[in-house]
Amino acid sequence: MGASLKFYNTLTREKTAFSPIDPKSVRMYVCGPTVYDYAHIGNARPAIVFDVLFRLLRHVYGEGHVSYARNITDVDDKINARALRDHPGLPLNEAIRAVTERTETQYHEDVAALGCLEPTVEPRATDNIPQMIEIIEKLIARGHAYVAAGEVLFDTKSMGDYGKLSKRPLDEQQAGARVAVDAHKKNPGDFVLWKLSSDNEPGWESPWGRGRPGWHIECSAMSRRYLGEVFDIHGGGLDLIFPHHENEIAQSRCAHGTEVMANVWMHNGFVQVEGRKMSKSEGNFITIYDLLHTEKFGGRQWPGEVLRLAMLMTHYREPIDFSVKRLEEAERLIARWPAADPGGAAPCDTVIEALGDDLNTVAAIQALHALAHEAHADKTLLPIFAASANLLGVLPQKTEVDEALASAVDALVSMRLELLKAKNFPEADKIRNELSEKGIQLKDGKDASTGERVTTWELKR
RNA sequence: GGCCUCGUGGCGGAGUGGUGACGCAGAGGACUGCAAAUCCUUGCACCCGAGUUCGAUUCUCGGCGAGGCCUCCA
């Protein structure tokens, strides 16, 4: 456990040494998807970035000592709208379930294809309604929330240092004067904890009537349930800093009376497409599914590992401009890396140090290059390369070749070598070309001692 | 209007107060019957201006430019 980790903390705007509350139980929470539609490549970024962090923490503190919670938000007005649109015939609850289950399954398929490990726990908002109600009750009891016009609202003025994360103090927000002042709100910045539902909206019984939770409360409830009142790392996209994370912090800290909710707040930068923010109205909206399974982007499909490497080629806090050229470069890199077996090897220190420096995946990838290069000359380094690549989750997969195919290819290879000895180049090249068309790449080398031609082959990736 | 990022060679992209990472693409070469793979060599850069400094791409200020948040958003 010699590795020292440093992370940039949005809370302090500084890169500081990471020291877990309990090294035997390192806890991180990442805001997961709201399951109403296909996940886009912007959603892929936090999934990948924090997966690398998860892998790093597991390496440093031990696999059994890291808890990673990533929620599924399955209650949201966007889901309701989608359910009504897609399943007009079904009762509302069934329609909602149809949408959320379908979307959740798709999300899991997508991120698995991107090489993301499963989080330790993946709680659903709808399984945590009583926990949310409990927090809301606490907030009311402590004077941080009030009931008005059928809603329970968080009283932002009741919190002395509201706005610390986003550096957006309350009075400045009001200076903007663009926040619509709802008559029932004490302050414009107050936000909904609970709202009443009409008959055609999903709802749960609560002390304030049949209703549903506000946007932020689910993360406060689930992080507390699975990670405790104060935990180590909270992650998500840059855009969540305000209002989502700010309000999570307000709820959790005021309910529990703690100084912080999480010690370190990490935020990934945005993904752009063709230099512009991705949005449906711009027409440059692209989903993970599209990239993996359709020809919508660049006229072809892209392997998950290529997408993942393309994402990690930029530091997680910088913006990424997603482009075909970028994916092509990532693909070339992966194709050159060896598909090796890590065995029990430990990852290279250079890679660990790079990742330990605020997840410098770029430096880590550079170190992988160097390793791959050395491993070409010295095969004993292959397991180290593989273990290091695994830390980033970018280890090229060995494609299994069945025995029959292997012996058939071997036979053709030796036949070709005979033809070459006889200087029958046209016939020899014919074999090479035919194999190439079947996706098998021959590589000629020289035996170091005898100078004889040695031919190896592999499946093209 | 308020707040926050960022600006490095054809492209991607880290980093540093003192001869210009690295990768991709390009060029040349080795190997090869020819390819592929591999190896070697190589050109090209730090938005503009001022300041601090012996010295700035790196620090400070100003400008210009790009992006984000302030409303749902990863």
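Computation of the quantities below employed the complete heavy-atom set of this structure, encompassing side-chain atoms and omitting hydrogens, waters and symmetry-equivalent molecules. Note on naming: letters A, B, ... go to the chains in the order of the sequence lines (proteins, then strands), and numbering restarts at 1 for each one.
In this structure, A/L92 CG and A/N80 CG are separated by 6.0 Å, a value rounded to the nearest 0.5 Å. Here the straight-line distance linking atom CZ of A/F54 with atom NE2 of A/H59 works out to 14.5 Å at 0.5 Å rounding. With values rounded to the nearest 0.5 angstrom, A/L307 atom CG is found 11.0 Å from A/R326 atom CZ. Within the model, atoms CE of A/M222 and CG of A/N71 stand 4.5 Å from one another, a figure rounded to the nearest 0.5 Å. Interatomic distance, A/N128 CG to A/E218 CD, rounded to the nearest 0.5 Å: 9.5 Å.
Counting only heavy atoms from C-beta on, A/F242 has its side chain closest to B/C70 among B/U38, B/C24, B/C70. Residue A/L238 has its side chain nearest to B/G68 when only B/G68, B/A14, B/A74 are considered. Comparing B/A74, B/A14, B/C4 against the side chain of A/N43 picks out B/A74 as the nearest. Side-chain proximity of A/N360 to B/C6, B/G15, B/C11: nearest is B/G15. Comparing B/A74, B/C70, B/C6 by their nearest atom to the side chain of A/E318 picks out B/C6. Set against B/C72, B/C6, B/G23, the side chain of A/K78 has B/C72 as its closest nucleotide.
In this structure, A/G42 and A/Y316 both approach RNA chain B, and ranking their closest nucleotides by distance from the 5' end singles out A/Y316. With the nearest nucleotide of RNA chain B identified for both A/V362 and A/G269, A/V362 has the one nearer the 5' end.
Between the CD1 atom of A/I241 and the P atom of B/G2 there is a distance of 20 Å, given to the nearest Å. Atom CZ of A/R317 and atom C1' of B/G15 are 13 Å apart (whole Å). Computed from coordinates, the A/K15 NZ to B/A14 P distance equals 12 Å when rounded to whole Å. For the pair A/H245 NE2 and B/A74 P, the interatomic distance rounds to 10 Å; values are reported in whole Å. Spacing between atom CZ of A/R326 and atom P of B/G10 amounts to 18 Å, rounded to whole angstrom units. Separating the CD atom of A/E246 from the C1' atom of B/U71 is a distance of 16 Å, rounded to the nearest angstrom. A straight line from CG of A/L312 to P of B/G23 spans 19 Å, rounded to a whole angstrom. One interatomic measurement links the two molecules: CG of A/L435 to P of B/A37, which rounds to 17 Å at whole-angstrom precision.
Put simply, A/R332 has a side-chain N or O that comes within less than 4.0 Å of OP1 or OP2 on B/A25. The phosphate of B/C24 (OP1 or OP2) has a side-chain N or O of A/R336 nearer than 4.0 angstrom.
Looking at heavy-atom distances under 4.0 Å, A/E328 makes no contact with the nucleic acid at all. Backbone-only engagement by A/G237 is indicated by non-hydrogen atom pairs under 4.0 Å involving sugar-phosphate atoms exclusively. Contact annotation for A/H244: no contact, since no heavy-atom pair falls under 4.0 Å across all strands. Nucleic acid contact class of A/H373 (heavy atoms, under 4.0 Å, all strands): sugar-phosphate only.
The aromatic rings of A/W265 and A/H234 lie parallel to each other, with less than 30° between the two planes, well short of the 60° mark. Between A/Y289 and A/H293, the angle of the ring planes lies from 30° to 60°, which puts this pair in the tilted group.
B/C11 and B/C44 have their P atoms separated by 16 Å, with the value rounded to a whole Å. Across the P atoms, B/U42 and B/C47 are found 26 Å apart, a figure rounded to whole Å. B/G18 and B/C24 have their P atoms separated by 27 Å, given to the nearest Å. With C1' as the reference atom, B/C48 and B/G43 are 26 Å apart, rounded to whole Å. B/U5 sits 24 Å from B/G9 when the C1' atoms are compared, rounded to a whole Å. Atom name C1', nucleotides B/A21 and B/C64: the rounded distance is 29 Å, in whole Å. Comparing the P positions of B/G2 and B/G62 gives an interatomic distance of 14 Å, to the nearest angstrom. Atom P of B/U8 sits at a distance of 9 Å from the matching atom of B/G13, rounded to the whole Å.
For A/M266 against A/F50, the heavy-atom pair with the smallest separation is O-CZ, 3.5 Å.
A 4.5 Å side-chain heavy-atom check between A/N424 and A/L420 finds every atom pair outside the cut-off.
Base pairing analysis places B/C61 opposite B/G49; the two distances defining the Watson-Crick or G-U wobble pair are each below 3.5 Å. Here B/G67 sits opposite B/C4 as a Watson-Crick or G-U wobble pair (both hydrogen-bonding atom distances under 3.5 Å). With both pairing distances under 3.5 Å, B/U42 is matched to B/G26 as a Watson-Crick or G-U wobble pair. Pair check for B/G15 finds none; no Watson-Crick or G-U wobble contact set falls under 3.5 Å.
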What string of B, S and - do you get for nucleotides 29-36 of chain B, 5' to 3', when a contact is any protein heavy atom under 4.0 Å?
--SSBBBB

Run the ring pair (Phe, Tyr, Trp, His ring centres under 6.0 Å) check on A/H216 and A/H245 step by step: do they pass?
CA-CA 8 Å; A/H216 318 292; A/H245 288 166; 9.4 Å; no

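With hydrogens and angles ignored, no donor-acceptor pair closer than 3.5 Å exists between the side chain of A/Q272 and the base of B/G67.
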